[in-house]
Amino acid sequence: MKVHPFNKRISPKVVRLEDNEKSYDDSDDEHDQQYVSKAALNAKAKSLLSVRETLPVYQNSDVILEHIRGNKVTILIGETGSGKSTQIPQLLLQEATRGGIKGAIAVTQPRRVAAINLATRVAEEYGCNVGSTVGYSVRFDNRTHATKTKLKYLTDGMLLRELMLDRKLKEYKVVMIDEAHERTILTDLILGFLKHLLLTTRPDLKVVVMSATLQAEKFSHFFENAPILFVEGRKFPVETFYVSQACDDIVDATVRCCVQLNSGEQLGDILCFLPGQEEIDKVVDILNKVSDHLGAGVPRLVALPLYAALPPAAQTKVFEPVSGFRRKIIVSTNIAETSVTIAGVKYVVDSGLRKCKVWRHQLGLSTLLTVPISKASAAQRSGRAGRESAGKCFRIYTEQDYGRLPDQSEPEIARCDVTAPLLMLKQLGVADLVNWKWLEHPGRDAIVQALQELYMLGALDDAGNITSDGRTMALLPLAPHLSRVLIEAHKNGCLSPVLDIISCLSVENLMLNPPPELRDDINARRLAQCPRGSYYGDLIMLKELYDLYVQLSSPHDRKHWCAQMAISARGFRSVIKVRAQLQGYVNSLKWHAQTTSIPLPADKAEIANILKSFLTGFPKNTAIGMPDRSYRTTLHGETISIHPSSLLFSASYSVSPIKELPSSRAPAILYTEYVFTVKGYARCVSRLELEWLQQLRPTALSKQAL
DNA sequence: GAGCACTGC
């Protein structure tokens, strides 16, 4: 075995981690709301104080407060471990109770779990129950009190939702944007809107942007050269090594690196970063096989995969410590870079690659590309080795290659579909989107394309102003296309089944990909249990699955059925939550329609109404069957294939279970997703009749809508 | 007859 020597050393890069990251938990049940007595709370808070006093932010509190008091906007570089997310909000809270600040403090987070954990921690430190003075607000879980809560942790999506209901954010005196360097679309939008507020109706608002080092200048520049404050973190050194020559087989190189590291370094777990599931499964497999052939003086290897699509039970395994003369190797996607923190990691192996979804706005399709990471990402990954003690990071790329990496990854807004963000801005009263002060301009083409899309969906009128339907669409927690479908379903009198289907569509990874050996069995079961779906396609299949699921009464039966059907049980529990939330929204719209769920009617016209409702939301996502059995897209005439994960794909190879609905190729198809891998694939596919396409509004498919 | 990084309302 040829071994690449890790002989080049650079100055240790040091990063320490926050305590606010995801604790991986299978149960998504809300925690018990326990009221703890004042005395017990005070005792707990007192015991935590000594730890807090050692935090860098705490020690520099006077300087930080002075800056925030003296400036409208403060950019704060709080290195990880500085205590910025927990301590600064508390300093401001104390100031507020002394009368220095009137109004509440909002702290945004990109992830739900972070918001919940931070609020819980800070409430303990402050000596109150969560939901009183300190609270949080995330989707499906609001623990705030209308008048008592003075410090609110919330997801950035939630703050935007609040913005839509109250454009001035009257409730707040201070808004802190945490993890701003991650540059999610939502944070970008919030920052743009805060800038707008400061210049117009809320010059009194205090804004604190918390970020990692590399983006601080950009934020400062965006906010008229706001001062940048630097607070050091507590950190352990991480030594970084590079390979001396580039390698083309990343799986092989990762395995070699782990084996070499295992025999040469003291005990401590290894965390490997690879781009995707395929590479991860290969590496795990090889490492576990290699482990049996290691020499006597060398620890055995326990390799474990980690990626989001993994069943929860397999995910929790990575947190269990291994005992004896063994070394745990976690082989992970980007999920371990920000979303998940694993204790015990002393070594990091970094492939320098990640997968990135890129939206092609001209084509309306998405592709998943493997791309090099940024320098910021590389630092974040290596930092995972220095959480508990000094660590080492092995980069499977050369130092020259590192030098060529971009400083930052391209912000999300530059590579995503901006239809939903633009509708949000329109709802917030931004008339001129092209000249809106973007932190990062998504590009004129992307904006024009998205505006056309919104016009086509009836969210904007000829003048580009938001319509009343558009306002409804912006308020629903759905992609604009799905909101359109819901409005249409109401007109077509099929709101209830469409609510069921849309709830299923809103949950990622609901339908699992069965392993190859089970694939035929699972497909057969899905076909047998969804006779109408076998004919009408995946949307109707989802409704049939929904009906089957809710008929099962015990959690045990539901879990068992999900396993049988290769459906995520956890996912289906979310479906029920989403369904309830959407029903709440719809009821508040006073549509006076049936919203509670009822079983799918047998009537053909009713099913046609459901599919026609979806057609109105996705007129571009249609294709027509050709004599050669291929499908061509309605808009551009490109060849598109039904993805093998679709029920219509399996159905074309089997006999229909219902006599009245004999198997026949769909004359036209509707799909909710268009992805390009080796060729163009339609995913989540339904059957259309040709005349339904002809009945579409003429504007629906026009290319020059604006 | 195919593969899918990660969030958020």
Side-chain angles (χ1 to χ4, degrees), chain A residues 21-22 108-115 137-142 154-165 179 182-190 273-281 306-310 332-340 351 353-358 366-371 373 377 409 412-413 415-416 420-421 423-424 427 473-480 482-483 503 506-509 511-516 519-520 523 574 577-578 581-582 584-585 641-646 648-654 673 675-683:
Chain A
E21 286 141 345
K22 190 181 244 174
T108 71
Q109 294 292 321
R111 282 169 290 277
R112 281 168 50 95
V113 185
S137 170
V138 300
R139 191 181 191 183
F140 304 129
D141 197 3
N142 183 349
L154 66 179
T155 45
D156 37 23
M158 267 301 184
L159 186 67
L160 268 171
R161 205 142 272 276
E162 291 190 0
L163 254 170
M164 281 196 274
L165 300 173
E179 313 287 356
E182 286 190 25
R183 302 292 311 277
T184 67
I185 288 185
L186 300 178
T187 352
D188 272 25
L189 288 178
I190 289 174
F273 286 100
L274 286 169
Q277 180 178 343
E278 194 185 341
E279 296 88 348
I280 288 169
D281 288 342
L306 178 63
Y307 41 81
L310 216 57
S332 171
T333 60
N334 242 3
I335 192 170
E337 195 178 304
T338 49
S339 302
V340 173
S351 66
L353 298 170
R354 69 186 172 110
K355 289 215 175 176
C356 180
K357 199 170 193 167
V358 179
S366 62
T367 51
L368 205 65
L369 304 173
T370 301
V371 297
I373 59 171
S377 243
S409 307
E412 204 184 358
I413 195 133
R415 54 183 166 82
C416 278
L423 181 59
M424 228 177 252
Q427 162 73 3
M473 290 161 71
L475 286 171
L476 290 167
L478 294 169
L482 288 176
S483 300
S503 304
S506 299
V507 172
E508 293 283 316
N509 296 329
M511 305 301 292
L512 304 170
N513 301 321
R519 198 180 289 156
D520 288 346
N523 282 342
S574 321
K577 278 195 205 172
V578 173
Q581 190 189 31
L582 289 177
Y585 272 104
S641 308
I642 297 177
H643 195 274
S645 63
S646 168
L648 285 188
F649 186 95
S650 310
S652 65
Y653 287 89
S654 63
E673 212 183 336
V675 295
F676 197 93
T677 52
V678 286
K679 55 178 176 175
Y681 281 109
R683 306 201 63 198

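Here is how names work: the chains are called A, B, and so on, in the same order as the sequence lines, proteins then strands, and each is numbered from 1.
Legend: residues meeting side chain to side chain contact (heavy atoms under 4.5 Å, CB included) with A:Thr333, ordered by chain and number and at least two apart, are A:Ile280, A:Tyr307, A:Ile335. Applying the side chain to side chain contact (heavy atoms under 4.5 Å, CB included) rule to A:Thr677 yields the partners A:Tyr681; only residues at least two apart in sequence or on another chain are considered.
Within 4.0 Å of A:Leu478, counting heavy atoms only, lies at least one base atom of the nucleic acid. At the heavy-atom level, A:Asp281 lies nowhere under 4.0 Å from the strands shown. Nucleic acid contact class of A:Tyr681 (heavy atoms, under 4.0 Å, all strands): sugar-phosphate only. Within the nucleic acid shown, A:Val675 has no heavy atom closer than 4.0 Å to any nucleic acid atom. As judged by a 4.0 angstrom heavy-atom cut-off over every strand, A:Arg161 is placed among the base-contacting residues. The residue A:Thr333 sits close only to the backbone: its heavy atoms come under 4.0 Å of sugar-phosphate atoms, none of a base.
Here the P atom of nucleotide B:dG8 and the CD1 atom of A:Ile185 are 14 Å apart, to the nearest Å. Whole-Å rounding puts the A:Arg112 CZ to B:dC6 P distance at 17 Å. A:Arg139 places its CZ atom 10 Å from the P atom of B:dG8, with the value rounded to the nearest Å. Rounded to an integer number of Å, the gap from CG of A:Leu189 to C1' of B:dT7 is 14 Å. Note: CG (A:Asp188) to C1' (B:dG8) measures 14 Å, nearest angstrom. Distance NZ (A:Lys577) to C1' (B:dG8): 15 Å, rounded to an integer number of Å. Between A:Leu368 atom CG and B:dC6 atom P the separation is 10 Å, expressed in whole Å. For A:Glu412 and B:dT7, the CD to C1' distance is 7 Å, given to the nearest whole Å.
Within the model, atoms CG of A:Leu159 and CG of A:Asp156 stand 8.0 Å from one another, a figure rounded to the nearest 0.5 Å.
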Practice task
Give the intermediate values and the outcome of side-chain hydrogen bond (donor to acceptor under 3.5 Å, both in side chains) for residues A:Thr187 and A:Glu179.
Solution key: CA-CA 9 Å; A:Thr187 352; A:Glu179 313 287 356; over 6 Å; no

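In this structure a side-chain-to-backbone donor-acceptor pair under 3.5 Å is missing from A:Ser366 to A:Val675.
Put simply, A:Thr155 has a side-chain N or O that comes within less than 4.0 Å of OP1 or OP2 on B:dC9. The side chain of A:Ser506 places no N or O atom within less than 4.0 Å of a non-bridging phosphate oxygen (OP1 or OP2) of B:dC9.
Among the nucleotides B:dC9, B:dC6, B:dA2, the one closest to any side-chain atom of A:Ser645 is B:dA2. The listed nucleotides are B:dC9, B:dA5, B:dG8; the one nearest the side chain of A:Lys355 is B:dA5.
Nearer to the 5' terminus of DNA chain B, by closest-nucleotide assignment, is the contact made by A:Asp520 (compared with the other of A:Asp520 and A:Glu508). Residue order along DNA chain B, read from the 5' end via each residue's closest nucleotide, puts A:Val678 first among A:Met158 and A:Val678.
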